[in-house]
Number of protein chains: 2
Amino acid sequence: MRIGELSERTGTPRRLLRYYEEQGLIVADRLPNGYRVYDESNVDRVAQIRGLLDAGLPTRIIKQILPCLNKPRIIHFPDATPEMLATLEEERDRMTERIRFLTRNRDAVAEYLVAVREKLAAGSA
Amino acid sequence: MRIGELSERTGTPRRLLRYYEEQGLIVADRLPNGYRVYDESNVDRVAQIRGLLDAGLPTRIIKQILPCLNKPRIIHFPDATPEMLATLEEERDRMTERIRFLTRNRDAVAEYLVAVREKLAAGSA
DNA sequence: CTTGACCTTCACATCAATGTGAGGGTTCGA
DNA sequence: TCGAACCCTCACATTGATGTGAAGGTCAAG
């Protein structure tokens, strides 16, 4: 498929698909006329990228961890340098931290909402 | 305490403390000479803000949910407009989504690391 | 052959979170 | 009274993720 279809199917502006490519997050083949061509796998990949971005990870980190997140559970080890592993561990811990924090705050917000609803119910009763 | 101490105790650049104030996330009293003064509660508050920022929430949303996250479990209801409640619900759901996504990916990264370690152990054995 | 819907690159704009520094007051101790 | 260590505001710079548009190539259908 070309960029327009991928854009529609992932709900991602073309501009960003090009940007992700520029950042090395996705790769596109080219038709003889220069048009980008994508295969199915890119749909999932873009979704993954967007999710990670939305989760607050910067593209340069996403670039590092993406290869470890392949669907086929065949972990193909890229040049797994020690520093890269260190980065990954850091990032894993950062994610864990984030999850903890986010969960705490989500729960607080949720509790608040419940409390407000009760208040409202009591008030209107 | 003045801005310098708060900065040190929260590990946050002064610049950002002023920025958070500008964004309405924290409030500071002023000494007669114009210096900002903070009390203890601001230390936690800043930590909270930084955590939420790090979790990917923009300041304008943080501003909305902060009032619902007070330590003393006395939920004091601000002008809880219906739209604000709607925003909060949306944000709660967004956070939940984020947590889910983040968890999945964190686990994937973690698994990857374990696999690599095993590989390395096998190789060196 | 032209029109319209694609695609390309390039480049400038924006927004939020930050960095950085200029220019200038206050306070306190040597 | 001078210097160091604070504080202030103002304002421009930067970075990452985006928006937007110009100038132009490709291609299928009328």
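Side-chain contact between A:Arg106 and B:Asp93 is absent, with no heavy-atom pair separated by less than 4.5 Å. Between A:Glu21 and A:Tyr38 the shortest side-chain heavy-atom distance falls below 4.5 Å. Between B:Ile49 and B:Thr12 there is no side-chain heavy-atom pair separated by less than 4.5 Å.
Regarding B:Glu8, its CD atom lies at a distance of 15 Å from the C1' atom of D:dC7, rounded to whole Å. At whole-Å resolution of the value, CG in B:Leu6 and P in D:dC6 are 15 Å apart. Rounded to an integer number of Å, the gap from B:Tyr35 OH to D:dC7 C1' is 4 Å. Nucleotide D:dA5 holds its P atom 14 Å from the CZ atom of B:Arg2, rounded to whole Å.
At a cut-off of 3.5 Å, with distance as the only test, no side-chain donor of A:Thr10 or A:Arg50 sits close to an acceptor on the other residue.
Electrostatic pairing of A:Glu22 and A:Arg18 does not count as a salt bridge here, judged by no charged N lying under 4.0 Å from a carboxylate O. In summary, A:Glu89 and B:Arg117 engage in a salt bridge, as defined by a charged side-chain N under 4.0 Å from a carboxylate O. Between A:Glu5 and A:Arg2 there is no salt bridge, since no side-chain N of the basic residue sits under 4.0 Å from a carboxylate O of the acidic one.
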>> Could you walk me through whether B:Arg45 and B:Glu40 satisfy the salt bridge (charged side-chain N to carboxylate O under 4.0 Å, His left out) test, starting with their C-alpha distance in whole Å, then the side-chain angles of each, then the deciding distance to 0.1 Å, before giving a yes or no?
In response: CA-CA 9 Å; B:Arg45 189 161 177 108; B:Glu40 280 299 312; over 6 Å; no

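Residue-level contact check: B:Ile3 touches the backbone only, with heavy atoms under 4.0 Å from sugar-phosphate atoms and none from bases. Note on A:Arg18: a base of the nucleic acid sits closer than 4.0 angstrom, heavy atoms only.
Here the CG-CE distance, from B:Asp39 to B:Met1, works out to 7.0 Å after rounding to the nearest 0.5 Å.
Of the residues listed (B:Leu6, B:Asn42, B:Leu25), the one engaging B:Leu17 in a side chain to side chain contact (heavy atoms under 4.5 Å, CB included) is B:Leu6, and it is the only one.
The phosphate of D:dC8 has OP1 or OP2 within less than 4.0 Å of a side-chain N or O from B:Arg36.
Summary for the helix from C:dC1-D:dG30 to C:dA30-D:dT1: the axes at its two ends, each from 5 pairs, differ by 20° when rounded to the nearest 10 degrees.
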>> Strictly under 4.0 angstrom, non-hydrogen atoms only: write out the protein contact profile of nucleotides 13-24 of chain D, one letter per nucleotide from the 5' end, B, S or -.
In response: ---SBBBB----

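A:Leu16 and A:Tyr35 are not part of a single hydrophobic cluster, where members link through side-chain heavy atoms under 4.5 Å apart.
Where DNA chain C meets chain B (any atom under 4.0 Å from a heavy atom), the bounding nucleotides read 5' to 3' are C:dA16 to C:dT27.
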